[in-house]
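Counting starts at 1 for both ligands and their atoms, following the listed order.
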Amino acid sequence: MSMRLTVIGNYVSPYVRKALVCLELKGLDYEVDPIAPFVGNDEFSRLSPLRRIPVLIDGDLILNDSSVICQYLEDKHPTPSLYPVDVADRAKARWLEEYADTHLADVLIWRMFYQVAVRRHVFQEQADESIVQRARDVEIPAALDYLETQLPEDGFIFGALSIADISIACYFRTASFVRYVVDPARWPRTASLVERTLALPSFQKLARLEDAMLRIPLAQQRDALAAAGAPLTCETMGTLIAKHGLPRG
Ligand SMILES: N[C@@H](CCC(=O)N[C@@H](CS)C(=O)NCC(=O)O)C(=O)O
């Protein structure tokens, strides 16, 4: 009998969503400690040396980083496969995953979602409007121009759904929480791929939980998620105090 997996990480995080979608698609049983990384206790620092989410716990095994986690789930539970069979496509899928996790995360999450939502609601700070403005007007459009050259008109990038489609869609979902929507007239391929991917039952199931906790203060999110039927851990590594994370670079 396989043991229940544990994911540490908040449902609004795109990196956490990526891991949860893989768990859902592979039909694995899991529970979630839905903490924001900023409120993690000492045990969280021990399990996540960079104080980042997600963390996956599988028995004695602790894994950090969404890409490492998704690859582990694929290796341990190969069906359904979320990586293309063709070696070149597989490499290309990993590149698009990496592009999403680093650059899309930078422009959509750190320069927009983090500024507009996290700074305001978690740290009671003002957003730096010049960072948000530049992301919206310059950096996100440039990223979308690149994505348009990589994405198909219809279907998924490599035919069957893969980690590339999943990763890209995850960042746009979190950006939508601060009302960012891809303009379908200017970037039709990206807009439709994101829409198709977010419409999948695995994303929809998580979206119901995300919506249930989205505008709720951190301290009450666990109760809101429990009421919405989220598979929660019995114990939490969350505290009531938000601390800034380690410097990123
Ligand atoms: N490369 C990591 C990045 C994870 C990450 O940056 N997660 C964010 C949440 S969206 C986080 O924990 N941030 C806290 C911090 O950087 O202090 C992954 O793929 O899991």
Side-chain angles (χ1 to χ4, degrees), residues 5-23 30 32-58 61-75 82-83 93-123 125 127-128 131 135 162-178 180 203 206-207 209-210 213-214 218 221 236-239 241-249:
L5 300 159
T6 302
V7 174
I8 303 170
N10 195 283
Y11 282 92
V12 302
S13 160
Y15 299 98
V16 172
R17 183 174 308 112
K18 194 176 129 194
L20 294 181
V21 164
C22 291
L23 286 161
Y30 65 89
V32 179
D33 182 4
I35 62 166
F38 318 105
V39 299
N41 63 13
D42 291 347
E43 175 68 353
F44 175 67
S45 299
R46 198 178 65 77
L47 299 186
S48 181
L50 300 179
R51 287 183 62 81
R52 291 186 191 155
I53 52 173
V55 178
L56 179 81
I57 307 175
D58 184 6
L61 179 68
I62 314 292
L63 289 178
N64 302 93
D65 192 282
S66 63
S67 302
V68 172
I69 292 169
C70 294
Q71 183 67 60
Y72 169 74
L73 295 174
E74 174 78 8
D75 292 344
L82 301 177
Y83 294 72
R94 290 204 176 99
W95 157 244
L96 289 172
E97 177 186 18
E98 175 66 10
Y99 179 79
D101 288 354
T102 55
H103 192 62
L104 289 184
D106 200 23
V107 296
L108 290 169
I109 308 307
W110 295 107
R111 295 176 199 212
M112 198 157 61
F113 175 75
Y114 180 81
Q115 286 292 331
V116 175
V118 179
R119 287 196 73 180
R120 203 163 285 169
H121 300 298
V122 177
F123 295 111
E125 295 171 354
D128 183 333
I131 292 181
S162 80
I163 195 71
D165 312 287
I166 295 167
S167 305
I168 291 168
C170 282
Y171 295 91
F172 288 101
R173 168 69 179 156
T174 295
S176 78
F177 300 154
V178 289
Y180 183 80
F203 273 96
L206 297 172
L209 300 175
E210 294 160 11
M213 53 152 292
L214 203 55
L218 278 181
Q221 287 182 357
T236 180
M237 293 183 197
T239 66
I241 303 147
K243 290 191 279 193
H244 280 287
L246 302 177
R248 302 183 72 93

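Remark: minimum distance from atom 7 (N) of ligand 1 to any protein heavy atom is reached at Ile53 O, 2.9 Å. When hydrogens are left out, the protein atom nearest atom 1 (N) of ligand 1 is Asp65 OD2, 2.9 Å; that is the closest non-hydrogen contact. Looking only at protein heavy atoms, the nearest one to atom 10 (S) of ligand 1 is Ser13 OG, 3.2 Å. Shortest contact from atom 16 (O) of ligand 1 to any protein heavy atom: Arg248 NH1, 2.4 Å.
Residue-level proximity to ligand 1 for Arg51 is carried by the backbone, the only part with a heavy atom below 4.0 angstrom.
A heavy-atom distance below 4.5 Å is found between the side chains of Ile109 and Pro14.
No salt bridge links Arg94 with Glu97; every basic N to acidic carboxylate O contact stays at or beyond 4.0 Å.
Look at Trp110 and you'll find a heavy atom under 4.0 Å from some atom of ligand 1.
At a cut-off of 3.5 Å, with distance as the only test, no side-chain donor of Tyr15 or Asp65 sits close to an acceptor on the other residue.
Near Pro54, with a cut-off below 4.0 Å to any heavy atom, the atoms of ligand 1 are 20 (O).
Asp106 contributes no side-chain N or O that, together with a main-chain N or O of Arg111, makes up a donor-acceptor pair within less than 3.5 Å. Thr174 places no side-chain N or O within 3.5 Å of a backbone atom of Ser13 that could act as its donor or acceptor partner. One N or O on the side chain of Gln115 and one on the backbone of Asp128 form a donor-acceptor pair closer than 3.5 Å.
Annotation: Ser66 places an N or O atom under 3.5 Å from an N or O atom of ligand 1; distance criterion only.
Considering only non-hydrogen atoms, atom 11 (C) of ligand 1 lies nearest to Pro37 out of Pro37, Gly245, Ala100, Ser67.
Residue Asn41 comes nearest to Thr236 through the heavy atom pair ND2-O, 4.2 Å, listed as atom of the first residue, atom of the second, then distance.
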